[in-house]
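What follows is a short report on a single structure.
Each chain gets a letter, A, B and so on, in the order its sequence line appears, and its residues count up from 1.
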Amino acid sequence: MDGWSILSKPPLKEDIMFGITSAFDNLWTLQRAMENAMHNDYFGLSTVADGSPSMNIFRDGENTLVTVELPGLNREDVKLEVKGKNLRLSGKRKIDFPEKASVHRRERSSYSFDRTVRLAHEVDESNIKAELKDGVLAVLLPPAEEHKPKSIAIS
Amino acid sequence: METNKKDMVPGSKHELEAKEEKTQQARFYKPSTDIIETEQNLTLYMDMPGVAKNAVEVKLEKNVLTVDGRIDQDRYKNLKAQYAEYNVGHYSRSFQLSSEINQDKILAKMEKGVLTLTLPKAEQAKPKLISIQ
């Protein structure tokens with residue numbers, strides 16, 4: 001019998017002798033598998049499977065505001081490029097610990113990302129404003145002149 | 001660009017499941033935390049993007065260390081969301097500390113959305129080298 005792949009190994013002879021141990025082992029494995037399934041993004045709605053920093057896009061009047069959470073990053077760690085409707089964001093985070101330190105818990109990680117999003121309008125490239133404050137990057141993108149809505153007088 | 005699997009970020013933000021419920025109606029998240037220990041210190045690094053320097057509260061009570069960070073909700077007031085991948089909320093997390101900490105000498109630094117807490121170990125908790133006769 002092959003058994004379930006999420007349950008660990010088939011019981012050994014010793015485990016059968018101390019049946020309880022192996023039963024608990026299997027329960028733990030199952031629980032861990034379920035927890036992993038809950039915490040990964042498999043069931044999420046995100047468009048990025050590789051886990052780039054997530055991005056929010058807002059409308060502020062006629063401008064578009066893009067925000068990204070980038071804790072610990074310096075200005076020089078992030079690169080922003082705009083061309084037409086496309087906004088490209090790339091960067092890198094590096095986490096270092098001193099040598100001779102024992103690590104008890106590790107939830108933050110080093111990563112690099114490179115992502116391009118297509119905006120709803122072309123951007124007035126000379127009036128883009130970007131700030132990185134308290135670990136949040138905010139980019140304000142005003143629409144290009146020819147993309148601004150024009151009011152039409154009704155005759 | 002070639003992507004390196006090792007460089008990718010695992011997981012996303014986790015909403016807080018605290019033992020005590022909060023009295024305000026707001027979202028709370030669990031800040032991602034690294035904890036390292038050296039001979040002198042226990043150091044915690046917590047990612048709390050959006051939290052300003054003066055909006056962090058650190059408490060140590062009966063060996064339970066509690067960190068609260070508030071974001072500025074007003075920043076999002078007049079904005080219309082068009083597309084969202086993450087939600088914003090305050091941060092809160094508690095830790096039960098195992099080794100004795102010198103409470104008067106805790107150092108907290110908030111920079112670029114990362115809180116660094118340096119907790120110096122109390123004299124009696126530092127490892128002692130015992131010489132063998």
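In this structure, the separation between CZ on A:Arg106 and OH on B:Tyr45 is 11.0 Å, given to the nearest 0.5 Å. Considering OH of B:Tyr86 and CD of A:Glu69, their distance stands at 4.5 Å, rounded to 0.5 Å. Taken to the nearest 0.5 Å, the CG atom of A:Asp60 stands 10.5 Å off from the CD atom of B:Gln82. In this structure, CD1 on A:Ile57 lies 7.5 Å from CD on B:Glu85, to the nearest 0.5 angstrom.
Only the backbone of A:Val68 comes within contact range of chain B, judged by heavy atoms closer than 4.5 Å. The part of A:Leu73 that comes within reach of chain B is its backbone (N, CA, C, O), which places non-hydrogen atoms under 4.5 angstrom from that chain.
Note on B:Met48 and B:Leu107: separate hydrophobic clusters, where clusters join Ile, Leu, Val, Met, Phe, Trp and Tyr whose side-chain heavy atoms are under 4.5 Å apart, directly or indirectly. Linking ILVMFWY residues whenever their side-chain heavy atoms come closer than 4.5 Å, directly or via other members, leaves A:Ile95 and A:Val78 in distinct clusters. Hydrophobic clustering places A:Leu80 together with A:Met55 (ILVMFWY residues linked when any side-chain heavy atoms are closer than 4.5 Å, directly or through intermediates). Grouping the Ile, Leu, Val, Met, Phe, Trp and Tyr side chains by contacts below 4.5 angstrom, directly or via other members, places B:Val51 with B:Leu115.
Atom CG of B:Asp74 is surrounded by more than 12 heavy atoms from other residues, nucleotides or ligands within 6.0 Å. No more than 12 heavy-atom neighbours from other residues, nucleotides or ligands sit within 6.0 angstrom of CD on B:Glu61. Under a cut-off of 6.0 angstrom, the local environment of NZ in B:Lys62 is sparse, with at most 12 non-hydrogen atoms contributed by other residues, nucleotides or ligands. Around the CD atom of B:Glu39, the shell of radius 6.0 Å holds no more than 12 heavy atoms that belong to other residues, nucleotides or ligands. Within a 6.0 Å radius of CD in A:Glu145, no more than 12 heavy atoms belonging to other residues, nucleotides or ligands are found.
Side-chain atoms of A:Glu107 come within 3.5 Å of backbone atoms of B:Thr33 as a donor-acceptor pair (strictly under, hydrogens ignored).
Counting heavy atoms from C-beta on, the side chains of A:Thr67 and B:Arg75 never come closer than 4.5 Å. Residues A:Asn56 and B:Tyr76 have side chains not in contact (no heavy-atom distance under 4.5 Å, counting atoms from C-beta outward). Between B:Lys112 and A:Asn74, the closest side-chain pair of non-hydrogen atoms falls below 4.5 Å.
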Residue pair A:Phe97, B:Asp34: steps toward the side chain to side chain contact (heavy atoms under 4.5 Å, CB included) verdict: CA-CA 10 Å; A:Phe97 293 125; B:Asp34 286 348; 3.2 Å; yes
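Closest approach of A:Ala101 to B:Thr38, counting heavy atoms only: CB-CG2, 3.7 Å. Nearest heavy atoms, A:Val136 versus B:Pro49: CG2-C, 3.7 Å.
Your options are B:Leu79, B:Asp47, B:Val88, B:Leu44, and the one with the most heavy-atom pairs under 4.5 Å with chain A is B:Asp47.
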